[in-house]
Amino acid sequence: MKENLAQKYDHHSVEEGKYAEWVEKGYFTAGDLTKKPYTIVIPPPNVTGMLHIGHAWDNTLQDIISRYKRMQGYDMLYLPGTDHAGISTEAKVDARLRAEQGISRRDLTREQFLEKAYEWKEEYAGIIHKQWEKLGNSLDYSRERFTMDEGFVKAVRHVFVSLYNDGLIYRGKRIINWDPEARTALSNLEVYYQDDPGQMFYFNYRVKETGEDLIIATTRPETMFTDECIIVHPEDERYRHLVGRTAVNPANHEEIPILADEYVDREFGTGAMKCTPAHDPNDFIIGERHGLPMRSCMNDNGTMNENAGVYAGMDRFACRDRLVETIRAEGNLVRIENIVHSVGHSERTHCVVEPYLSEQWFVRMKPLAEDVLAHQEDPEQRIVFWPERFNKTFVQWLENIEDWCISRQLWWGHRIPAWYHKETGEIYVSEQDPADPENWIQDEDVLDTWFSSALWPFATLGWPEDTEDYKRYYPNDTMVTGYDIIFFWVARMAFDARYFTHNRPFHHVLIHGLIRDAQGRKMSKSLGNGIDPMQVIDEYGVDALRFFLSTNSTPGQDMRYIPEKVEAAWNFINKLWNASRFVLMNLDDGMKYSDIDLTDISEVDKWILTRLNQTIEHVTDNNEKYEFAQVGNELYSFVWDDFCSWYVELAKANLGSADEKVRKATQSVLLLALTDIIKLLFPFMPFVTEEIYLKLPHEKDSLNLESWPDIIEAVHGCDIADTERLISAISKIRELKAAAGLKPSARIHVRLRDIDGNIKPLSTDQAAMLERMARAEWQADPEGDLTVASINGGTIQIPSHELQNKEEETAKLMKEAERLRKELQRSEGILNNKGFLAKAPADKIALEQKKQEDYRKQLEAVEARLAELA
RNA sequence: GGAGGCUUAGCUCAGCGGGAGAGCAUUCCCUUCACAGGGGAGGGGUCAAGGGUUCGAAUCCCCUAGCCUCCACCA
């Protein structure tokens with residue numbers, strides 16, 4: 001007894017153990033120098049936590065491309081790695097310290113904290129590995145990297161120092177976005193704005209010299225302590241006489257000058273504004289212009305400092321309330337308006353971000369961005385976005401770029417390679433530590449996580465060393481990532497790549513969207529609507545999850561997680577499983593793959609192989625365009641409809657044939673077609689296809705080693721009209737029986753005619769198929785009245801008394817005739833159109849002429865029968 | 001203020017210049033023969049509204065409406 005698949009498709013047992021074996025056998029290890037390289041690097045997941053369903057989607061797309069390219073004969077490198085994720089990991093470790101030991105990171109030394117952070121990293125890297133395994137990612141673990149491993153430390157230092165020496169990194173006192181909770185600077189991208197309810201306060205600033213009151217509005221009274229002046233527009237008649245005089249700050253009774261600056265919008269508010277250079281980016285610019293002092297009144301944790309006088313030590317918001325009350329008591333509060341305004345929040349801690357004056361490191365972005373923009377114009381050097389529209393997003397952002405604040409007041413990250421001399425204050429920036437470390441103090445800050453992520457496509461390959469991997473696998477071929485990190489990541493990889501490797505980091509970027517819940521909401525912890533991919537895998541299997549994730553959206557578009565669709569994917573796999581069981585139980589014992597012989601194949605065999613060829617062609621084309629939803633549709637309908645519903649059913653007749661040659665030919669076609677099907681599906685569902693492959697007669701040790709299917713030349717140019725007519729006839733007979741209220745099993749007689757009305761005799765096997773699938777018997781010369789129905793490429797005739805329902809038949813035929821007339825009208829409209837004949841492509845014209853001819857003849861047959869019935 | 005996306009069958013989505021499609025749901029029929037998480041046959045859509053280009057528009061252009069992102073943001 002030949003071995004078959006288990007009776008039931010059970011994803012657990014199918015997926016068990018396979019991955020470990022694939023890794024062990026080295027199927028995913030790149031390095032075959034006889035082949036052309038193809039590179040994808042995984043977007044390194046943060047070691048903050050587990051992978052979510054968005055990662056599963058992202059990775060599935062990468063893995064599909066990887067497996068497809070590997071089958072096409074590329075030396076495929078799919079490189080794994082993880083990201084240290086500075087601020088998020090630091091927050092997680094901090095939270096754990098609090099939960100487990102009741103302490104914060106500030107109770108530890110830097111070294112002690114880093115030790116804890118590394119423990120966390122190890123733990124989560126382990127979880128991520130297990131999850132990659134579950135997902136089936138064909139990653140080359142021999143090349144795995146981490147954004148803070150030794151090589152990365154070197155790469156990051158090299159980049160920092162080079163940019164510094166080239167004047168593209170500088171240190172400066174600027175207004176930056178300050179997260180008072182994490183107590184670190186943030187880049188502009190790490191701040192999100194949301195409309196919050198708030199208040200606009202109007203205060204009196206009394207002019208000392210004249211005693212009049214200037215009404216000034218602010219949303220942040222707590223910053224008033226360091227107002228450095230009042231600004232009015234130089235041409236504002238209302239205030240011109242006050243310029244040069246002094247106003248009294250109602251918060252602390254300080255006397256501050258009234259100055260003129262064109263920045264002020266006369267129409268806005270009262271036309272006079274307070275200027276607090278240390279707490280607002282626009283005020284800062286004005287402050288620089290006028291040489292104002294720049295005092296800050298806040299500490300780095302969001303409490304007030306000594307400049308706030310009696311409010312020192314108080315939280316900024318508590319201070320706001322108290323201060324407003326005090327000013328009110330002193331009679332200087334004019335009014336309070338309730339407003340809704342947009343307020344910046346930290347993307348990590350979600351607290352209100354404080355525009356804050358502080359000394360930070362910055363990357364001068366303009367020259368770097370311009371270099372990328374120039375190359376986006378060059379077809380040979382540009383990064384190609386899929387879909388193309390994201391190029392616009394990318395370009396517009398680069399065109400309006402501002403300097404990037406890269407220093408973070410954290411411990412977990414790449415330490416800035418700058419040292420300050422203890423005595424002289426001299427600064428030393430170098431890839432090497434100072435030779436006399438006792439005289440220097442290293443900058444306490446670390447770099448923004450994205451500073452190192454930006455080097456990912458090349459630093460993972462050994463850069464800045466000129467390694468073999470770097471030479472071979474760089475630039476990357478395809479980067480797969482979400483539109484949400486085009487600015488954070490894609491843009492930054494682009495300019496670092498240009499500057500340091502004089503190349504683009506990758507040729508293509510495939511952009512996908514966000515995965516949402518069934519109601520279309522973003523998945524979030526607070527809503528608790530997140531989907532754990534591991535749970536889905538447990539329930540439906542990873543093959544079903546992968547098929548769902550890859551074939552249910554178009555590039556760049558968001559997708560909803562719909563459990564019914566995962567189930568549909570499972571059902572599809574189940575169908576494939578059962579079809580495979582059927583094939584296996586119908587192959588002769590001992591049949592080998594090399595026994596496939598197409599010399600004596602039948603008409604139906606030619607038909608399925610022709611359809612298979614079309615499928616291979618379309619799937620290949622769409623894989624190249626990353627149109628996996630198209631591929632999914634194509635494979636789904638080919639497998640389910642063409643192969644299972646038609647071919648397998650039709651083939652049963654031939655498998656029952658007494659003729660050995662017919663049987664053998666059918667077995668060959670079943671084996672060939674199924675093998676190609678599982679090859680085409682392998683990138684999408686590697687586990688179940690491998691299981692089937694190993695049970696079928698096969699040539700390689702694993703489907704991982706197989707190559708992408710070729711077009712089957714043996715059926716090139718075959719005429720498959722006979723089979724198409726037969727299939728259509730079977731459908732039509734079933735339909736007529738149902739319409740006539742007959743049981744499907746009711747026997748009837750039928751005659752097929754081609755489009756010209758010629759009677760088409762059936763071969764023995766075709767007659768057997770007709771019998772088996774439609775319970776209809778071919779009759780060359782049926783007696784009495786004949787019912788006519790049009791089918792693809794001809795008509796069928798059935799003795800009317802067998803259908804027993806003249807009224808039904810007439811109604812049916814009238815409807816049919818109407819449809820045909822409409823089609824004919826459409827077709828004739830087109831063909832009588834001079835413009836169409838003159839301008840349409842020749843093959844379109846020929847196709848339309850053929851259609852018209854067919855419609856006309858079918859209509860004639862239907863009308864003839866209607867005349868008989870009348 | 002700027003940029004972009006979506007609007008197609010009850011639901012979720014493909015199609016994006018030449019015959020309106022899929023999955024799920026729904027109606028009717030089917031017990032052996034790979035599969036009842038299955039098989040067979042149906043029903044269901046003026047492709048958001050309006051205008052234009054074209055021989056021909058769900059598909060290209062313009063405009064309107066609704067929903068949704070992203071970027072920028074004046075006290």
Side-chain angles (χ1 to χ4, degrees), chain A residues 4-5 7-9 188-189 192-193 200 216-220 231 263-265 267-276 280 282-283 341-342 344 387 389-390 392-393 396-397 400 402 483-484 486-487 513-514 518 520 522 548 551-554 556-565 567-572 574-586 627 629-630 632-633 636-637 644-645 648-649 652 656 730-731 734-739 741-745 772-774 819 822-823 826-827 829-841 844-845 847-848 851 855:
Chain A
N4 201 329
L5 293 163
Q7 187 121 27
K8 231 172 135 46
Y9 166 55
N188 298 346
L189 281 177
Y192 66 93
Y193 289 85
M200 180 75 85
I216 305 283
T218 179
T219 54
R220 294 158 65 213
I231 307 276
Y263 171 79
V264 177
D265 179 354
E267 310 300 313
F268 192 90
T270 60
M273 59 171 268
K274 74 190 194 73
C275 178
T276 321
D280 182 277
N282 293 310
D283 293 7
H341 60 155
S342 123
R389 73 182 128 92
F390 287 101
K392 199 169 172 181
T393 316
Q396 284 179 354
W397 189 72
N400 297 298
E402 285 176 36
Y483 61 68
D484 52 327
I486 291 177
F487 304 144
L514 257 43
K522 237 170 155 171
F548 161 73
T551 65
N552 277 287
S553 79
T554 342
Q557 220 60 46
D558 288 353
M559 175 174 36
R560 296 187 191 198
Y561 177 80
I562 311 281
E564 288 80 8
K565 292 208 177 192
E567 206 174 317
W570 191 97
N571 289 344
F572 175 55
N574 187 240
K575 187 75 180 174
L576 175 71
W577 181 266
N578 282 298
S580 304
R581 289 187 61 226
F582 172 82
V583 171
L584 276 163
M585 61 179 60
N586 283 287
E627 291 283 357
Q630 294 298 327
N633 284 338
Y636 191 97
S637 69
C644 294
S645 297
V648 164
E649 294 304 325
K652 283 175 183 171
I730 291 167
S731 282
R734 288 167 171 170
E735 185 190 327
L736 289 172
K737 281 187 187 175
L742 294 175
K743 286 204 161 197
S745 55
R772 166 178 273 279
M773 296 188 70
R819 184 187 70 92
K822 246 176 82 183
E823 295 289 10
R826 185 192 61 80
S827 203
I830 294 173
L831 287 168
N832 290 337
N833 193 318
K834 279 189 189 141
F836 175 72
L837 293 175
K839 291 175 190 170
K844 283 270 194 276
I845 297 176
L847 194 70
E848 208 49 54
K851 280 189 206 167
Y855 292 140

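Chain identifiers are assigned alphabetically (A, B, ...) following the order of the sequence lines, protein sequences preceding nucleic acid strands; residue numbering begins at 1 within each chain. Computed from a prediction, not measured in an experiment: that's the story for all the values here.
Looking at the side chain of A:Y636, the nearest of the listed nucleotides B:G23, B:U69, B:G19 is B:G23. Of all nucleotides listed (B:C55, B:C74, B:G15), B:G15 comes nearest to the side chain of A:E627.
Put simply, CH2 on A:W397 is 13 Å from C1' on B:C70, counting in whole angstrom units. For the pair A:R560 CZ and B:C24 P, the computed distance is 19 Å after rounding to whole Å. Between A:Q630 atom CD and B:G21 atom P there is a gap of 15 Å when expressed in whole angstrom units. If you measure from atom CD of A:E402 to atom C1' of B:A72, you get 9 Å, rounded to the nearest angstrom. Atoms CD (A:Q557) and C1' (B:C70) sit 14 Å apart, rounded to a whole Å. In this entry the distance linking CG of A:L736 with P of B:A41 reads 12 Å, nearest Å. Rounded to a whole Å, the CD1 atom of A:I562 is 16 Å from the P atom of B:G23. Atom pair A:F548:CZ and B:A14:P shows a separation of 12 Å (rounding to whole Å applied).
B:C35 and B:C30 are spaced 15 Å apart, taking the C1' atom of each and rounding to whole Å. Going from the P atom of B:G45 to that of B:C11 covers 13 Å, rounded to whole Å. Here the separation of B:C60 from B:U54, taken at their C1' atoms, is 9 Å to the nearest Å. Taking atom P on both B:G52 and B:A57, the two are 12 Å apart, rounded to the nearest angstrom. B:U7 and B:U64 are spaced 14 Å apart, taking the C1' atom of each and rounding to whole Å. Comparing B:G10 with B:G43, their P atoms are spaced 15 Å from each other, to the whole Å. B:C16 and B:U8 are spaced 12 Å apart, taking the C1' atom of each and rounding to whole Å. Taking atom P on both B:G66 and B:C29, the two are 48 Å apart, rounded to the nearest angstrom.
Using a 4.0 Å heavy-atom cutoff across all strands shown, A:R826 reaches sugar-phosphate atoms only and no base atom. As judged by a 4.0 angstrom heavy-atom cut-off over every strand, A:F487 is placed among residues touching the sugar-phosphate backbone only. Within the nucleic acid shown, A:S827 has no heavy atom closer than 4.0 Å to any nucleic acid atom. Residue contacts shown for A:A518 are absent, as no nucleic acid heavy atom lies under 4.0 Å away.
The residue among A:E735 and A:M273 whose nearest nucleotide of RNA chain B is located toward the 5' end is A:E735. The residue among A:N282 and A:A568 whose nearest nucleotide of RNA chain B lies closer to the 5′ end is A:A568.
Note that the CG atom of A:L584 and the CZ atom of A:R581 stand 9.5 Å from one another [nearest 0.5 Å]. One distance of note links OG1 of A:T554 with CE of A:M559; it measures 10.0 Å at 0.5 Å rounding. For the atom pair A:Y9 OH and A:N571 CG, the distance stands at 10.5 Å (nearest 0.5 Å). The line from CZ of A:R560 to OG of A:S553 is 13.0 Å long, rounded to the nearest 0.5 Å.
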Practice item. Sugar-phosphate atoms are those with a prime plus P, OP1 and OP2; base atoms are the rest. Using that split, label each nucleotide of nucleotides 26-37 of chain B B, S or - for protein heavy atoms under 4.0 Å, 5' to 3'. Key: --------BB-B

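Taking a pair to require two hydrogen-bonding distances under 3.5 Å in either a Watson-Crick or a G-U wobble arrangement, B:C28 pairs with B:G40. Shown here, B:G50 forms a base pair with B:C62; the pair counts as Watson-Crick or G-U wobble because both key distances fall under 3.5 Å. Nucleotide B:U69 forms a Watson-Crick or G-U wobble pair with B:A3, both donor-acceptor distances falling under 3.5 Å. Base pairing analysis places B:A57 opposite nothing; no Watson-Crick or G-U wobble pair with both distances below 3.5 Å involves it. Base pairing of B:G23 is made with B:C11, judged by Watson-Crick or G-U wobble geometry with both donor-acceptor distances under 3.5 Å.
A heavy-atom distance below 4.5 Å is not found between the side chains of A:F548 and A:W570. For the pair A:I486 and A:F390, the minimum side-chain heavy-atom distance is below 4.5 Å. In this structure, A:Q396 and A:K392 have side chains that are in contact, with non-hydrogen atoms separated by less than 4.5 Å. Proximity of A:R220 to A:D280: side-chain heavy atoms (C-beta onward) are separated by under 4.5 Å at one or more points.
A close approach under 4.0 Å does not occur between any side-chain nitrogen or oxygen of A:R389 and OP1 or OP2 of B:G4. Contact annotation: A:K844 does not reach the phosphate of B:G18 (side-chain N/O to OP1 or OP2, under 4.0 Å). Regarding contacts with the backbone of B:A41, a side-chain N or O of A:S731 is found under 4.0 angstrom from either OP1 or OP2. One finds no side-chain N or O of A:K565 lying less than 4.0 angstrom from the OP1 or OP2 phosphate oxygen of B:C24.
Geometrically, A:K575 does not engage A:Y636 in a cation-pi contact defined by less than 6.0 Å to the ring centre and at most 45° from the axis.
In this pair, A:F268 lays its aromatic ring flat on the base of B:C74, centres within 5.5 Å and planes under 30 degrees apart.
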**Study point:** Chi angles and distances behind the side-chain hydrogen bond (donor to acceptor under 3.5 Å, both in side chains) call for A:N552, A:Y561
**Key:** CA-CA 10 Å; A:N552 277 287; A:Y561 177 80; over 6 Å; no

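In this model, no side-chain donor or acceptor of A:T393 finds a partner on the base of B:C70 within 3.5 Å.
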